[in-house]
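Structure record follows, encoded as structure tokens.
Just so it is clear, the model here is predicted, and its values are computed rather than measured. Below, read A as the first sequence line, B as the second, and so on, with proteins coming before strands; counting in each chain starts at 1.
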Number of protein chains: 2
Amino acid sequence: MARLAGVSRATVSYVLNNTSAVRISEPTRRRVHEAAKELGYVPHAAARSLRAGHSRMVLMPAPSFPVGPLYSQFLGDLQMALGRLDYTVVQHGSVGLHGDEAARAWAELRPVAVLMPGSGLCPKGVTVLKRSGARAVVTLGPEAVEGAHALLMDHEAVGYSAGAHLHERGRRRIGVVVPEEDGLESFSAPRLEGVRRALHGTDATVTALPLAYEEKSAAGLAARWRALGLDAVFAYNDEYAMLLMRALQDEGLRVPTDTAVIGADDLMLGRLLRPRLSTVHIELPSGRELAELVDRAVRNPGAAPETHKVLGASVVHRESS
Amino acid sequence: MARLAGVSRATVSYVLNNTSAVRISEPTRRRVHEAAKELGYVPHAAARSLRAGHSRMVLMPAPSFPVGPLYSQFLGDLQMALGRLDYTVVQHGSVGLHGDEAARAWAELRPVAVLMPGSGLCPKGVTVLKRSGARAVVTLGPEAVEGAHALLMDHEAVGYSAGAHLHERGRRRIGVVVPEEDGLESFSAPRLEGVRRALHGTDATVTALPLAYEEKSAAGLAARWRALGLDAVFAYNDEYAMLLMRALQDEGLRVPTDTAVIGADDLMLGRLLRPRLSTVHIELPSGRELAELVDRAVRNPGAAPETHKVLGASVVHRESS
DNA sequence: TTGAAAGCGCTACCAC
DNA sequence: GTGGTAGCGCTTTCAA
């Protein structure tokens, strides 16, 4: 590369990085650029960050379960916003790694920031990451972790909204679907807890209803429905709501007359069901906001960790409740 | 690190990598491991791959639109399988980069392999990646790219199956939904083409039906339905099928009597609709297979690019067609 | 069995 | 303006 352009490696570096502290003559610049194009030269990120002592890589774990349109959108926005701030977002496929195992795997890449959705990060993991040079560690989850910034996605609020809504509508024996699928506990547990909190001190009862995302499981639950004596159900989200509502209807139960149903996530599909599905609309933080938090934290790593509540939950009342 | 253990950096490297060519005494090993734990030592991936001249990183672009459960599952399997083979899967969030722009951004990370779903890779991009040390470039998309391995996901087959099925069932005026959302053309175009191919040489007609994923758009299309004079529709996938089917039913049209509807992807939701939605079940390659292809290509980079057809499409006939 | 040292590609400092 | 060069953290060869 330097040879082809007939200049030194240093000059190449200056030209390609537009180093402002050094002025390079136009002809030389051109020669360098031409040589770079001709050779298909691509800088070596590893060497660069080794030398610089830091990178502009923001690392997140790749989600290990299907994510809905809500989260996809959020992720897209976030990548876009961080991209504008000149960070590179990288999702690390760390299947099967947990706790500080995972943290170490991520630390090997020496990211400048780590974004951790869910609740898979322990304080030890944060320490590992920080010690390895991460200037910002941000969790997006149910609770804050010592030493890390936290965007509290308080799924209790989702359950609370649903519970309060059902109670307002006069329901008193309330079921709450708890998915049996792995990886969903960190959402389903707080949602259940939120319903409990909403109904605490009232005469209403709350019943947890384990349900797998399969017709058979739903049919089984529906068959026991009359015996359970429930008059309302918060179905975890719109998809489980559809599954359960269908099973209830097949069982001859009327929605909402016999049983009110409410979902969550405000998916398109809820609007298409009959009766139209009531739901809890969830508002995620904007990607831009989070990107700014990351950038702030990176520029000022000494600052105390910020903790924000960022999950808006509002009931969208339609026909099923 | 080396200082704390009282040994040389080399010894540390031997111990932590279990280098078999060198035998280190037990006491020394212990001392090194203890020091590593105490310091929270994490190796520096960049330095390692810089020295080694290659990495074990398999890079994919992060999907830029919501992906369904099918693809999520596939991705998870793939990460698992590659993890077992000791590769690290990394999804690069390269929003807004195209063609060889994107390829250069990926090449900076010097991945040992690149997996590119969709059709966003040009031959030039392949060259860039290979020149920068990628030993395997694999596309998963509608067509092969010069110089890269290809897993042909022939979405024409999906459309073909749907078209043939509708024709068999006696339908002759067939609509095909084409989503208006960005990023879906690379799937929708071949699916439409497949329907055309299935009906080529018959007396059936094929009509492309642009549709946005919104109730209003569907209602508009449904309002024009009788004028269009169609007796069947392949709705791109199950979600668009649900949207359109609901709009048709609201318009007073009977499914399947007046209009047959078939979707694709075999989602749970199709089974829950009434009438139950016919669909094209799509079989993606197993993650394990793809992982093995990658590994083979990495070990033997000289070999000629392989091209496999890997997308199985089979009609699941339910009640809507 | 262990240590010394070279060098991967890059940038930043200093000398010319 | 440009080139020489040290050194980021690591592995690996060679020597002790």
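- Looking at heavy-atom distances under 4.0 Å, A:Ala10 makes contact with a base.
- If you check every strand for non-hydrogen atoms under 4.0 Å, A:Thr28 touches sugar and phosphate atoms only.
- Here D:dG9 presents its P atom at 15 Å from CD of A:Glu108, a figure rounded to the nearest Å.
- Look at CZ on B:Arg56: it is 16 Å from C1' on D:dT11, rounded to the nearest Å.
- Put simply, the side chain of A:Ser13 never gets that close to the backbone of A:Arg9: no donor and acceptor are under 3.5 Å apart.
- Of all nucleotides in DNA chain C having an atom under 4.0 Å from a heavy atom of chain A, the first and last in 5' to 3' order are C:dG9 to C:dC13.
- The CG atom of A:Leu82 sits 10.0 Å away from the CD atom of A:Glu292 when rounded to the nearest 0.5 Å.
- Rounded to an integer number of Å, the gap from A:Glu26 CD to D:dT2 P is 10 Å.
- Rounding to the nearest 0.5 angstrom, the gap separating the CZ atom in B:Arg51 from the CG atom in A:Leu50 is 13.0 Å.
- Mapping B:Tyr14 and A:Arg51 onto DNA chain C by nearest heavy atom places B:Tyr14 closer to the 5' end of the strand.
- Residue B:Thr11 is classed as a sugar-phosphate contact, given heavy-atom separations below 4.0 Å to backbone atoms only.
- Listed by chain and number, the residues in a side chain to side chain contact (heavy atoms under 4.5 Å, CB included) with B:Ser72 are A:Pro66, B:Val67 (sequence neighbours excluded).
- A straight line from CZ of A:Arg31 to C1' of D:dG1 spans 12 Å, rounded to a whole angstrom.
- One N or O on the side chain of A:Asp154 and one on the backbone of A:Glu156 form a donor-acceptor pair closer than 3.5 Å.
- Among the heavy atoms of the strands lying under 4.0 Å from A:Ser25 are primed sugar atoms or P, OP1, OP2 only; no base atom is included.
- Atom CZ in A:Arg9 sits about 11 Å away from atom P in D:dT5, given to the nearest Å.
- Note that the CE atom of A:Met153 and the CG atom of A:Leu284 stand 5.0 Å from one another [nearest 0.5 Å].
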